[in-house]
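Each remark here refers to the structure printed beneath this line.
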Amino acid sequence: MIDVNYKIIRQRLEKEHKRMAEQLQHIRDNRSSEERREGSPFGKREEEASETADLENMVAQEQRVMEEMVDIESALKKFDLGTFGKCEKCGRQIELARLEAMPTAKLCMNDAQKNAR
Ligand SMILES: [Zn+2]
């Protein structure tokens, strides 16, 4: 039963990873065109300011996507190691409902709550 569910979760993670990679590519494409524009000596000051904010926004967004990808990759690696779904703290099985809601969860409900405090 659990194996079947894990297989579905794995597929979801793989799909999500692909989506993230595409999103990252998209952000990077946008960023390089933005950077080219910023290098231009023309344009008004106000516009420059808002473009810098855009660029900062993109960098932050890129950072977020990359972090998420790292999480997904480490979760996928656990499938190969056979440790997926195990709490990194107590080694017990993470609740399936929790994994379904958050496939990259590293801790069981109990330890996550302890950690949050
Ligand atoms: Zn635990």
Side-chain angles (χ1 to χ4, degrees):
M1 180 60 181
I2 250 180
D3 282 348
V4 175
N5 287 316
Y6 277 13
K7 212 176 269 178
I8 293 167
I9 292 174
R10 182 178 193 163
Q11 281 166 354
R12 264 178 54 200
L13 280 168
E14 278 165 354
K15 220 177 185 175
E16 186 70 5
H17 189 263
K18 209 177 143 215
R19 205 174 61 86
M20 288 285 150
E22 279 164 8
Q23 206 179 329
L24 195 60
Q25 189 58 48
H26 186 69
I27 295 168
R28 284 183 175 155
D29 286 350
N30 270 346
R31 189 149 71 103
S32 56
S33 66
E34 197 74 26
E35 270 165 352
R36 265 200 304 280
R37 211 143 43 98
E38 232 173 73
S40 149
F42 307 108
K44 293 172 208 126
R45 240 164 220 284
E46 269 168 47
E47 266 174 38
E48 272 171 33
S50 86
E51 275 172 20
T52 305
D54 278 352
L55 194 62
E56 275 167 13
N57 215 354
M58 274 184 236
V59 172
Q61 211 182 341
E62 186 180 346
Q63 192 67 32
R64 256 200 317 274
V65 172
M66 275 165 66
E67 278 167 16
E68 211 160 322
M69 280 179 82
V70 167
D71 272 352
I72 293 172
E73 277 161 22
S74 78
L76 283 170
K77 208 179 284 172
K78 284 186 197 168
F79 279 102
D80 296 330
L81 296 170
T83 58
F84 181 79
K86 281 204 177 74
C87 173
E88 285 185 1
K89 207 158 184 183
C90 67
R92 262 178 252 154
Q93 206 73 36
I94 299 173
E95 298 78 2
L96 190 59
R98 177 170 166 76
L99 285 172
E100 276 171 344
M102 193 172 50
T104 53
K106 294 181 173 87
L107 300 171
C108 69
M109 204 89 81
N110 220 348
D111 284 316
Q113 272 166 5
K114 265 189 254 167
N115 251 23
R117 257 176 244 147

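Atoms within a ligand are numbered from 1 in the order they appear, just like the ligands themselves. Everything numeric in this text was worked out from a predicted model, so none of it was measured. For reference, positions follow the sequence shown, starting with 1.
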The Zn ion (ligand 1) contact by Glu88, N, O or S atom under 2.8 Å: no

Residue Asp111 atom name (nearest to the Zn ion (ligand 1); N/O/S): OD2

Three-point angle Cys90:SG, the Zn ion (ligand 1), Cys87:SG, rounded to the nearest 10°: 110°

No-hydrogen, no-angle side-chain donor-acceptor test under 3.5 Å, Asn110 and Lys89: no

Point-to-point distance, once rounded to the nearest 0.5 Å, from CE of Met69 to CD of Glu73: 5.5 Å

Side chains of Thr104 and Leu13 in contact at under 4.5 Å (non-hydrogen atoms): yes

Distance-only side-chain donor-acceptor flag, Gln61 / Asn57, under 3.5 Å: no

